[in-house]
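Lettering of chains follows the sequences in order, A, B, ..., and the numbering in each one begins at 1.
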Amino acid sequence: MRIDNASQAAAAGSLLHVPPRRTAARRLWRFLRGRHWTFRTGIVILVALVVTLILAPWIVPHDPAVQNLIARLSPPSAEHWLGTDHLGRDLLSRLLVGGRFTVTIAMITVILSFAIGTLIGVVAGRVVGGLFDEITMRVVDVLISIPDVVVAIFLVAIFGPGYLTLIASLTVIGWTPFARLARGLTLAINSQGYIQAAEVLGCSRSFIVLRHVIPNIIRPIAAVSFLRFGHKLITVGALSFLGLGVQPPAADWALMLADAQPYVERLPILMIAPGLAIFVAALSVTWIGHGLEIESRDGGSGDE
Amino acid sequence: MLARLLQRLLILGLMLLGVSLIAFLVPFVSGGDPVRTILMSRVRDLAVDPAAVEAMRVHLGLDRPLPVQYGTWLWQALQGDLGYSFTSGRPVASEIGRALGVSVTLALTALGIAAAVAIPLGTLAATRPGGTVDSATTLMIQTFVATPEYWLAPMGILVFALYLGWLPSAGWTSWSSLVLPAMVLSLRPMAYFTQVTRATMMDVLQAPYITAARSRGLSMRQTVMRHGLRNGSLPVVTFFALWLAGLLGGSVVIEVIFAIPGMGRLLYEAVVNRDVPMLQGGFVSIVALSILINTIADILYVALNPAVRSGHAH
């Protein structure tokens, strides 16, 4: 019902020719105001991070791939703000572009897991007790217990590292928590009046799922997506750290961490900086996810 | 309930069969002739006589149709014969057995630390929701979840092994080599255990029997000790088992960093050395164990929880 109001309000807004920019800014402000500080900080960090990663190739002070063996392992200076690594490459530049692979892979994995898991979970919840429900949920019961790192390592061993292998191997297990959650949430609203009304009115199954079920369960699932996103960032990083993810010439945070290991005593910043980058990225999405979780649990009290 | 259990076991069996089939097919899909793969790792020279390759093929039974080969492989695997490692030449099954012992020790220590901190902390946070302890706990959970262990571990080595010299930096020799990896490994489960304990305790503390105990004059502390903890620790048991399953193979990075000869490192080295029998055996046993432990945990949860057993919770 709330969704109808929102869309009507949006339609009315466009009729009255309200300047869209101000409205968007105000709506953003109203959205952020009253939220927990961790949620707001998380959003700010994530937006800054995504913008930085997109713009990285144009704003890096040095070419992240250019080696300078004379100036290797140099401490922070005016020329190299964070110093240089064991091959004399500028640390700051590598840091700026180093999140692109990990964040992209983690993001695609989460979006795919979200889409597949939610769809399967909702359908299972609508036909609860049926053959589809029984089979998919028992499959979920079993798959959910397999460590995704193990599956990823196994598939990388066979097919070699690459975007496709990593995304596929993490999605194979990744969809299961979404399916379980979506099914549970669907079961909870199956008995609601508006669903029964839609059924009585003869709405088609897909219409009920798309128009009523999914919009009403999307918030808790979105919260979980952000929490899983943080988890996936760390998992993808772990694979790169082991040399099974992003491959060497490219700059990657976890790979930089692995490379820095022998030089950590001499220049600790080589390890502190990329680790901090992964940590901050994972923390920001965890904060956002947690904020959304509280909101969906409290019934969206801070809503417009 | 029994029907559901049987279904679960049926799917479990089918799933394991599928996993074993995938593992069996590794040498056939990873490119090239499996006989040559085996020869390369043993002889380290590809200039062998084609006739000798064919003789080897017959000797290994690789000239037979695939389903027959799979049947033989599966039958041997079920009897504990997973073949021989390409690199060490020792039986895969005994290598896995040894690695498993190491991983279980590491996982149990880490989970023990996690539970020892999480249960009191989660309970404390639940007794005063929104209070200082609760807020600090939430922040701690988020921090621990977001910390990459492959960052924390080298930093820990840097501080405790290189600067302070209190603990060994790597290896698996004495109890002191267990401390650092177990601590690093315990943070993530600690965060989740705390979260689960807190959520469960918040529910439990709303229950009528808690109000009854409080109104009988028991202090909050006594109430929590006598009634709360017993009812609130059940989900933690399930989570403990889930994490045990996850850490058996999922602690790869920690085992590699600290040079611990556990399951994760076994799998990692199998990949690096292209040790096909080890990869197959390691993958199948980790997956089979994870699934089994998880299934047992689910059955235990149902058996211990009367509400779920009679179907009220769903």
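Ranked by heavy-atom pairs under 4.5 Å with chain B, the first of A/Val156, A/Leu227, A/Thr286, A/Ile234 is A/Ile234. Interface summary for chain A: among B/Thr143, B/Val272, B/Leu12, the most heavy-atom pairs under 4.5 angstrom belong to B/Thr143. Note: A/Ile278 leads A/Ile144, A/Ile278, A/Val285 in heavy-atom pairs under 4.5 Å with chain B. Interface remark: of the candidates B/Ile293, B/Ile286, B/Ile141, B/Leu289, B/Ile286 forms the most heavy-atom pairs closer than 4.5 Å to chain A. In terms of heavy-atom pairs under 4.5 Å with chain B, the best-connected choice from A/Val280, A/Leu143, A/Ile153, A/Leu239 is A/Ile153. Top candidate by heavy-atom pairs under 4.5 Å with chain A, chosen from B/Ala146, B/Gly282, B/Ala23, is B/Ala146. For chain B, the option among A/Gly275, A/Pro147, A/Ala282 with the highest count of heavy-atom pairs below 4.5 Å is A/Gly275.
For A/Thr38, the part lying near chain B is the side chain, with the backbone staying farther off; criterion is any non-hydrogen pair under 4.5 Å. For A/Leu283, the parts sitting under 4.5 Å from any heavy atom of chain B are the backbone and the side chain alike. Heavy atoms of A/Phe241 lying under 4.5 Å from chain B belong exclusively to its side chain. Proximity to chain B is absent for every atom of A/Pro274, based on heavy atoms less than 4.5 angstrom apart. Proximity to chain A is limited to the side chain of B/Thr138, based on heavy atoms less than 4.5 angstrom apart. Both the backbone and the side chain of A/Leu276 come within less than 4.5 Å of a heavy atom of chain B. B/Leu139 touches chain A through its side chain: at least one heavy atom from C-beta onward sits under 4.5 Å away, while N, CA, C and O do not. For a residue to count as touching a neighbouring chain, one of its non-hydrogen atoms must lie under 4.5 Å from one of that chain's; by this rule B/Thr295 does not touch chain A.
Within 6.0 Å of the CZ atom in B/Phe24, the count of heavy atoms belonging to other residues, nucleotides or ligands exceeds 12.
No side-chain heavy atom of A/Pro220 sits less than 4.5 Å from a side-chain heavy atom of A/Val224. Proximity of A/Asp148 to A/His231: side-chain heavy atoms (C-beta onward) are separated by under 4.5 Å at one or more points. B/Val252 is not listed as a side-chain neighbour of B/Met263, based on a closest heavy-atom distance of 4.5 Å or more. For the pair A/Leu242 and B/Tyr150, the minimum side-chain heavy-atom distance is 4.5 Å or more. The shortest side-chain heavy-atom distance between B/Arg198 and B/Asp134 falls under the 4.5 Å cut-off.
A search for side chain to side chain donor-acceptor pair (under 3.5 Å) contacts involving B/Trp243 returns nothing, not counting sequence neighbours. Remark: A/Arg126 engages A/Glu199 in a salt bridge (charged side-chain N to carboxylate O under 4.0 Å, His left out) (not counting sequence neighbours). The side chain to side chain donor-acceptor pair (under 3.5 Å) check on B/Thr137 picks up nothing, with sequence neighbours excluded.
Annotation: residues 175-189 of chain A contacts chain B through no residue [non-hydrogen atoms, separation under 4.5 Å].
In this structure, CG in B/Leu10 is found 9.5 Å from CD1 in A/Ile135, a value given to the nearest 0.5 Å.
Closest of all the heavy-atom pairs between A/Leu255 and A/Ser240 is CD1-O, 3.2 Å.
A distance-only check finds no donor-acceptor pair linking the side chain of A/Trp287 to the backbone of A/Thr41 [under 3.5 Å]. Distance alone, capped at 3.5 Å, places no donor-acceptor pair between the A/Asp133 side chain and the A/Gly125 backbone.
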